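Here's the structure, in structure tokens; my notes come after.
Here the structure is a predicted model, which means the values were calculated and not measured. Residues take their numbers from the sequence shown, with the count starting at 1.
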Amino acid sequence: MEESVAGRPTKYKSDSIMERRERILRVARKMIAQSGVAELSVRELCARAGIAQKTLYNAFGSKDHVITLAVTQYTQEFNNSVYYKFPRETLEGQIERMIKVHSRNTQLRSYTTAIMSVYNSAQSDRELRNAVRLMSTNAYKPFVEMLNEEKGLQTKVTPEHITAYLTTNTYATLTDWCIGDIEDQLLVERVCEGFLMIVAASTRGKHKADAEQWLGDLRNSRSSWMTFRKMAEVEPGELRAAFLQTHKAKQQGQAGTSADKAAIGDAAGAKARKRGAAKAATTLRRSPAKKAVSKT
């Protein structure tokens, strides 16, 4: 198997090396969740994982690489385990994903703090920082590509331009939250407000009107925003399913525990509730932004 770590391919030639690598990442995630990145010691990590420090550095290069890959893997697994009602290339789809991701962040503060500490450190490897930034730019890419294809961007606003501003706004807001300048209950609104402000200022026509409509709904706490926000919040079952996938499914190839089945059941129930909530939310939207997207 070959996998890129901050742009550098790392080769694993045996099952035993692969298992050792996964064990390091699994232990790193647990340690980050328990005490955060500041207390993450390479010596303790290696002791818990049952490997030599040389093994860790051969596999990942540095502690920052371990932290980044551990957290980004969890993020990817979370995104793959949850249900989204709206396509990611739509405005509603982007808002839904931001609500879900950042409501999850408030429940897993240590993970977000870990990745932001790597991103904001002057000592971080440039390729590593770019890898973290790519997590955000890739999330916005389908939506920005749609705007560009439909000629919805303002003159002289390029896809690269708006994507850079959206990513910088997201990470700056997350950093403010990580250091305590933004309260937990305000994080989702602050991230979404910044996103909508940039989109409204960078687009034209229907896309601009839609963004301004959502921005007004958010700022005035209208029922359309509150219903949509409730529909899009991360469900406990989804969070638990992602956690189990990350921390348990890879352990000795075990599967089918009662906890796993309960998480799957919770997630299935969440899907059913969200279908009804999404219908109610889109019904409340006023023209021109009230049209729901049925494509999944």
Residues in side chain to side chain contact (heavy atoms under 4.5 Å, CB included) contact with Cys46, at least two apart in sequence or another chain: Val42, Ile51, Gln53, Leu56
CA sep, side-chain torsions, deciding dist, call: Lys63, Tyr57, side-chain contact (heavy atoms from CB on, under 4.5 Å): CA-CA 8 Å; Lys63 183 176 81 169; Tyr57 289 116; 5.6 Å; no
Of all pairs that satisfy salt bridge (Lys or Arg N to Asp or Glu O under 4.0 Å), the ones with a partner from residues 188-200, not counting sequence neighbours: Glu189-Arg229, Glu193-Arg219
Same apolar cluster (I L V M F W Y, side chains within < 4.5 Å links), Tyr84/Val191: yes
Set of side-chain hydrogen bond (donor to acceptor under 3.5 Å, both in side chains) partners for Asp64, sequence neighbours left out: none
By side-chain hydrogen bond (donor to acceptor under 3.5 Å, both in side chains) - contacts of Thr173 (at least two apart): none
Full working for side-chain contact (heavy atoms from CB on, under 4.5 Å) between Leu166 and Ser136: CA-CA 8 Å; Leu166 289 171; Ser136 177; over 6 Å; no
Set of residues satisfying side-chain hydrogen bond (donor to acceptor under 3.5 Å, both in side chains) with respect to Glu149, sequence neighbours excluded: none
CA sep, side-chain torsions, deciding dist, call: Lys208, Glu212, salt bridge (charged side-chain N to carboxylate O under 4.0 Å, His left out): CA-CA 6 Å; Lys208 181 180 182 68; Glu212 290 177 341; 3.6 Å; yes
Counterpart residues, side chain to side chain contact (heavy atoms under 4.5 Å, CB included), relative to Asn130 (two or more places apart): Arg126
Contact list for residues 156-185, test salt bridge (Lys or Arg N to Asp or Glu O under 4.0 Å), sequence neighbours left out: Arg109-Asp184
Point-to-point distance, once rounded to the nearest 0.5 Å, from CD1 of Ile95 to CG of Asp210: 9.0 Å
Cys192 to Met98 - nearest heavy-atom pair and separation: SG-CB, 4.0 Å
Main-chain N/O of Val144 paired with Asn148 side-chain donor or acceptor, under 3.5 Å: no
Donor-acceptor pair between Asn105 and His102 side chains, under 3.5 angstrom: yes
Closest non-hydrogen atom pair, Cys178 against Met116: SG-CG, 4.1 Å
Rounded distance [0.5 Å steps], CH2 in Trp214 versus CG in Leu196: 9.0 Å
Derivation and outcome, side-chain contact (heavy atoms from CB on, under 4.5 Å), residues Leu25 and Leu69: CA-CA 8 Å; Leu25 293 176; Leu69 190 55; 4.1 Å; yes
Heavy-atom side-chain proximity of Thr90 to Met146 below 4.5 angstrom: no
Glu145: side chain to side chain contact (heavy atoms under 4.5 Å, CB included) partners, not counting sequence neighbours: Lys141
Leu134 with Tyr140, same ILVMFWY side-chain cluster at under 4.5 Å: no
Stepwise side-chain contact (heavy atoms from CB on, under 4.5 Å) test for Met231 and Glu96: CA-CA 8 Å; Met231 177 274 295; Glu96 179 187 16; 4.2 Å; yes
Residues forming a side chain to side chain contact (heavy atoms under 4.5 Å, CB included) with Arg204, sequence neighbours excluded: Lys151, Gln154, Thr155
Side chain Ser103, main chain Ile99, donor-acceptor under 3.5 Å: yes
Lys/Arg cation over aromatic Phe143: Arg88, 6.0 Å, 45° cone: no
Heavy-atom closest pair, residues His207 and Thr203: C-OG1, 3.7 Å
Ring centre gap for Phe228 and Phe86 strictly below 6.0 Å: yes
By salt bridge (Lys or Arg N to Asp or Glu O under 4.0 Å) - contacts of Glu44 (at least two apart): Arg48
Side-chain ion pair, Glu19 and Arg23, N-O less than 4.0 Å: yes
Residue pair Ile162 / Ser202: nearest heavy atoms and the distance that separates them: CD1-CB, 3.7 Å
Residue among Asn138, Thr167, Thr168 satisfying side-chain hydrogen bond (donor to acceptor under 3.5 Å, both in side chains) with Arg133: Thr168
Pairwise distance OG(Ser121) to CD(Gln123) - rounded to 0.5 angstrom: 4.5 Å
Thr106: partners by side-chain hydrogen bond (donor to acceptor under 3.5 Å, both in side chains), with sequence neighbours left out: none
Heavy-atom side-chain proximity of Ile179 to Thr113 below 4.5 angstrom: no
Which atom of Ala211 lies closest to which atom of Val199, heavy atoms considered: CB-CG1, 3.8 Å
Reported CZ-to-CG distance for the pair Arg21 and Asn58, which is rounded to 0.5 angstrom: 14.5 Å
Pairwise ring pair (Phe, Tyr, Trp, His ring centres under 6.0 Å) hits with a residue in residues 171-191, at least two apart: Tyr119-Tyr171
